[in-house]
Amino acid sequence: MNFSALPLLDQAVLVLAAMALFSAFALLAQSRLLSAIHVFAWQGALVAAVAALTGAASGDVNLYISAAITFVLKVLLIPWMLHRLVRRLALERQADPLSYPALTLLAGAAIVVFADWVAAPVAQFEHSATRNVIAISLAIVLLGMLTMVVRRQALAQVLGFMAMENGLFLAAVASTHGMPLVVELGVAFDVLVAMVLFGVFFLQIKDSIDTLDIDRLSQLASSVEQDDDTEPPR
Amino acid sequence: MDRVLTLTAALLQPLLLLAAAPLLVAWIRRVKARLQNRRGAPLLTPYRELRKLLGKEAVVARTASPLFRIAPYVVFAATLLAAAALPVLSTLLPGARVADAIALIGLLGLARIMLTLAGLDAGTPFGGMGASREMLVTTFAEPALLLVVFTLAMTTHTTNLASMAASTLAGDSVLRPSYMFALAALLLVGVAECGRIPVDNPSTHLELTMIHEGMLLEYSGRHLALMEWAAQLKLALFAVLTVDLFMPWGLATRLTPLTLLGALAALVLKLAALGALLAVSETVLAKMRLFRVPGFLAMAFLLALLGLFAHVILESAL
């Protein structure tokens, strides 16, 4: 079957999925927190659009609902909460450049190849036109994980985590036309609750040790001891 | 008879591009001026500049070797030859059989090598600086450009630019993710290769940041005219390359006066739109620091690579 023989809706789904993959790379490379949050919001919008288009192609009403939930949560609510968190933590101007940008991006490219290789047997059993999106969504999940690995800033790691969830949702939508609505609602609220918890948790960390840089968190014990040695207890 | 007609058309196409190149530059300057609330120079100014330079005496530094004198001719000829591999108005292009997209990149590479050698030749600090920076940009831009060509070649099964355009013309309207990425990558690479903002600023000799102008600093008279004209031709070449690969609609597949006229009108419209786009992007963007250029071009490379992946994962396995 030729690509140009696909219906236009399916082609649009593939284009949007490819753009979501690009946004995962952008999230990986973006050093400014606020811009990274915007990239994450765009990724959510792309995934929601994929769900809506798949719904239009298959006539499945459930998909419209999950697209709406994704849009409200991932494009509006969570980015807004992250924005507020960044402002409260005064991290607006914080830049967290990658230590090895070229190496990280190459690793990302390798991940895409790996994801394609892993997903190839899975895709053979499927008969949907959008089956190749499985490879893309697996790549998005792994890229989100890579983001969590290479980033030092705790908030950026949360973004990587949320991006992984985006990838899973994309895989569910593209391969099986969405999860059952109950599961989907459960996952959506899980993510929301996780976001709220992350927010509270970060405020606490910031309060007690005055940084969200993961590299410094490991020095916690020794620095406290030093403080005890040098300063008299208040 | 048909053969003669095709050959004449093939010979005339690069010359047409050569003649139109200063106009494209003037158009971009004009749009930029309008966006900055200035009236802008008349559209014929670049032609007048070229005529003025061609009429002037060429001064050559005492320290310069013969290479310095040869370089402008080589740069000009190589760029013109590269332009001959492009379908400007019609896809019937005998020259394209000799030179495909890879040869085009090679010819541009030859022009660039001569340009950088000439920049180094006179031994001035600015020339050397410009040359080393140009090489820095090339190191990142050329692989990305090649990847763009490969991405498109995987879909069209050819590296011949005329056949590429023809096969895109013959196919149905398709939304290809790989084309989208390749287009974005080509636009970024084109901006870097032609020395436009945000990589280089074509309209200044004052800053310590110049790249292309730094290499031309020692040139004067007809040598300078040839170098400037080659640079303008290169900009037009990249614009036509973008148009040919991604929106070839309007290109003539048969040689009749009517189709050629239609192709010319389509080309003028598309180039004007592309030029206006460049002018807008140059107005809203600031020139970036030199050390951020590799990051900019790494993004172009990544986009081209993603185009390749998108083709393999999404388009070919079906």
Side-chain angles (χ1 to χ4, degrees), chain A residues 1-26 28-31 53 97-98 101-106 108-120 123-124 126-139 143 174, chain B residues 136 139-141 143-144 147-148 150-157 164 167-188 246 288-289 291-318:
Chain A
M1 197 165 133
N2 200 354
F3 183 82
S4 50
L6 282 177
L8 205 60
L9 266 179
D10 283 342
Q11 288 180 14
V13 166
L14 292 183
V15 167
L16 288 174
M19 282 167 76
L21 179 64
F22 175 64
S23 71
F25 270 99
L28 185 64
Q30 184 55 255
S31 58
L53 281 181
L98 296 172
L103 218 55
T104 313
L105 288 181
L106 276 182
I111 279 180
V112 178
V113 175
F114 176 71
D116 182 40
W117 179 70
V118 169
Q124 272 175 7
E126 291 273 336
H127 293 289
S128 151
T130 49
R131 60 193 175 176
N132 289 317
V133 177
I134 293 175
I136 297 279
S137 36
L138 186 59
L143 283 171
Chain B
L136 174 79
T139 316
F140 291 95
L147 269 188
V148 169
F150 291 155
T151 306
L152 299 182
M154 282 169 78
T155 304
T156 55
H157 304 294
M164 270 182 179
S167 86
T168 313
L169 268 181
D172 314 328
S173 60
V174 187
L175 277 175
R176 284 186 189 278
S178 62
Y179 270 48
M180 195 182 61
F181 286 128
L183 173 62
L186 184 61
L187 289 179
L188 294 186
F246 296 100
M288 63 171 97
R289 274 189 324 138
F291 294 110
R292 291 190 53 201
V293 170
F296 175 83
L297 288 168
M299 188 155 100
F301 185 78
L302 179 74
L303 278 167
L305 200 62
L306 278 181
L308 213 61
F309 287 157
H311 179 87
V312 172
I313 297 175
L314 292 175
E315 291 168 27
S316 64
L318 282 167

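Keep in mind that the numbers below use all heavy atoms, side chains included, and drop hydrogens, waters and symmetry copies. To find a chain, count down the sequence lines: A is the first, B the second, and so on, and within it residues start at 1.
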Please list, chain by chain and in numerical order, all residues satisfying side-chain hydrogen bond (donor to acceptor under 3.5 Å, both in side chains) with Thr156(B), sequence neighbours excluded. none
Can you list everything that forms a side-chain hydrogen bond (donor to acceptor under 3.5 Å, both in side chains) with Ser178(B)? Sequence neighbours excluded, please.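 Applying side-chain hydrogen bond (donor to acceptor under 3.5 Å, both in side chains) to Ser178(B) gives Glu315(B).
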Side chain, backbone, both or neither of Phe22(A) within contact of chain B (heavy atoms, under 4.5 Å):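 It is both, since atoms from each part get that close.
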Search all heavy atoms of [X] against all heavy atoms of [Y] and return the closest pair with its distance.
X: Thr151(B); Y: Ala304(B); value: OG1-O, 3.6 Å
X: Met164(B); Y: Leu152(B); value: CE-CB, 4.1 Å
X: Leu53(A); Y: Ala12(A); value: CD1-CB, 3.8 Å

Mind running side chain to side chain contact (heavy atoms under 4.5 Å, CB included) on Val312(B) and Met154(B) for me, showing each step along the way? CA-CA 9 Å; Val312(B) 172; Met154(B) 282 169 78; 3.6 Å; yes
About how many Å separate [atom2] of [Y] and [atom1] of [X], when rounded to the nearest 0.5 Å?
X: Leu98(A); Y: Leu103(A); atom1: CG; atom2: CG; result: 10.5 Å
X: Met299(B); Y: Leu306(B); atom1: CE; atom2: CG; result: 11.0 Å
X: Leu14(A); Y: Leu9(A); atom1: CG; atom2: CG; result: 11.0 Å

Looking only at heavy atoms, which of residues 179-188 of chain B get nearer than 4.5 Å to chain A?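 The residues closer than 4.5 Å to chain A, in numerical order, are Met180(B), Phe181(B).
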Within residues 109-116 of chain A, residues adjacent to chain B where the heavy-atom gap is under 4.5 Å: Ala109(A), Val112(A), Val113(A), Asp116(A)
Determine whether Leu21(A) and Ile313(B) make a side-chain contact, defined as any pair of heavy atoms from C-beta on separated by less than 4.5 Å. no
